[in-house]
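Everything below concerns the one structure shown next.
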Amino acid sequence: MKKKFIVINDEGLEVEYDILFTFDSDDTGKSYIVYTDYSKDDEGNIQVYSSVYDPKLENPQLEEIKTAKEIKVINDMLNTMIESTKVRKHINEKD
């Protein structure tokens with residue numbers, strides 16, 4: 001079962017997002033959430049978003065990614081997840 005959350009956007013509309021994954025970074029000391037609404041960019045790629053959040057809160061607030069270091073940490077984790085998925089897919093195809 002996918003985990004979801006709803007955000008009220010700038011136009012006052014509810015937008016539902018699926019949580020792809022969350023992780024904690026030792027490098028920044030923060031927790032991150034990576035999520036999508038499956039909308040596509042101009043090139044047809046599914047848009048993925050990330051934010052800082054506090055998993056200890058009952059209703060955590062999403063906070064903006066503020067530094068290049070945080071962007072690198074998130075991109076590194078995304079790349080790791082993509083590579084992991086490719087490996088699993090390849091293993092499953094051989095079974």
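All residue numbers refer to positions in the sequence shown, counting from 1.
- The aromatic rings of Y17 and Y49 sit perpendicular to each other, their planes meeting at more than 60°, with 30° as the lower class boundary.
- A distance of 12.0 Å separates CD of E83 from CG of L78, quoted to the nearest 0.5 Å.
- Clustering ILVMFWY residues whenever any of their side-chain heavy atoms sit less than 4.5 angstrom apart, transitively, puts M81 in the very cluster that holds Y38.
- When the salt bridge (charged side-chain N to carboxylate O under 4.0 Å, His left out) test is applied to D76, the partners found at least two apart in sequence or on another chain are K72.
- Legend: salt bridge (Lys or Arg N to Asp or Glu O under 4.0 Å) pairs involving residues 47-62, not counting sequence neighbours: none detected.
- Atom CD1 in I71 sits 8.0 Å away from atom OG in S50 (nearest 0.5 Å).
- Between the side chain of K69 and the backbone N or O of D27, at least one donor-acceptor pair lies under 3.5 Å.
- Other residues, nucleotides and ligands contribute at most 12 non-hydrogen atoms within 6.0 Å of the CD atom of Q61.
- For N9, the side chain to side chain contact (heavy atoms under 4.5 Å, CB included) partners are E11, L13, V15, not counting sequence neighbours.
- In this view, Y32 and F23 satisfy the ring pair (Phe, Tyr, Trp, His ring centres under 6.0 Å) rule, not counting sequence neighbours.
- Here CG of D18 is found 12.0 Å from NZ of K3. Values are rounded to the nearest 0.5 Å.
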Could you go through F21 and I33, starting from their C-alpha distance and side-chain angles, then the distance that decides it, and tell me whether this counts as side chain to side chain contact (heavy atoms under 4.5 Å, CB included)? CA-CA 6 Å; F21 61 92; I33 183 170; over 6 Å; no
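- For E64, there are no side chain to side chain contact (heavy atoms under 4.5 Å, CB included) partners two or more places apart in sequence or in a different chain.
- Residues V48 and Y35 fail the side-chain proximity criterion, which asks for heavy atoms closer than 4.5 Å.
- Every residue meeting the salt bridge (charged side-chain N to carboxylate O under 4.0 Å, His left out) condition with K30, not counting sequence neighbours, appears here in chain and number order: E70.
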Show, in sequence, the C-alpha distance, side-chain angles and deciding distance for Q47 and S39, and conclude whether the side chain to side chain donor-acceptor pair (under 3.5 Å) test is met. CA-CA 6 Å; Q47 297 191 89; S39 61; 3.1 Å; yes
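- For T36, there are no side-chain hydrogen bond (donor to acceptor under 3.5 Å, both in side chains) partners two or more places apart in sequence or in a different chain.
- Residue D24 holds its CG atom at 8.0 Å from CG of D26, rounded to the nearest 0.5 Å.
- Residues meeting the side chain to side chain contact (heavy atoms under 4.5 Å, CB included) test with D42, sequence neighbours left out: none.
- N45 pairs by the side chain to side chain contact (heavy atoms under 4.5 Å, CB included) definition with D41, E43, not counting sequence neighbours.
- Distance check: I46 CD1 to L20 CG gives 9.0 Å after rounding to the nearest 0.5 Å.
- Here the side chains of V52 and L62 are not in contact, with every heavy-atom distance at 4.5 Å or above.
- Here CG of L57 is found 8.5 Å from CG of N59. Values are rounded to the nearest 0.5 Å.
- Qualifying salt bridge (charged side-chain N to carboxylate O under 4.0 Å, His left out) partners for E14, counting only residues two or more places apart in sequence or in other chains: none.
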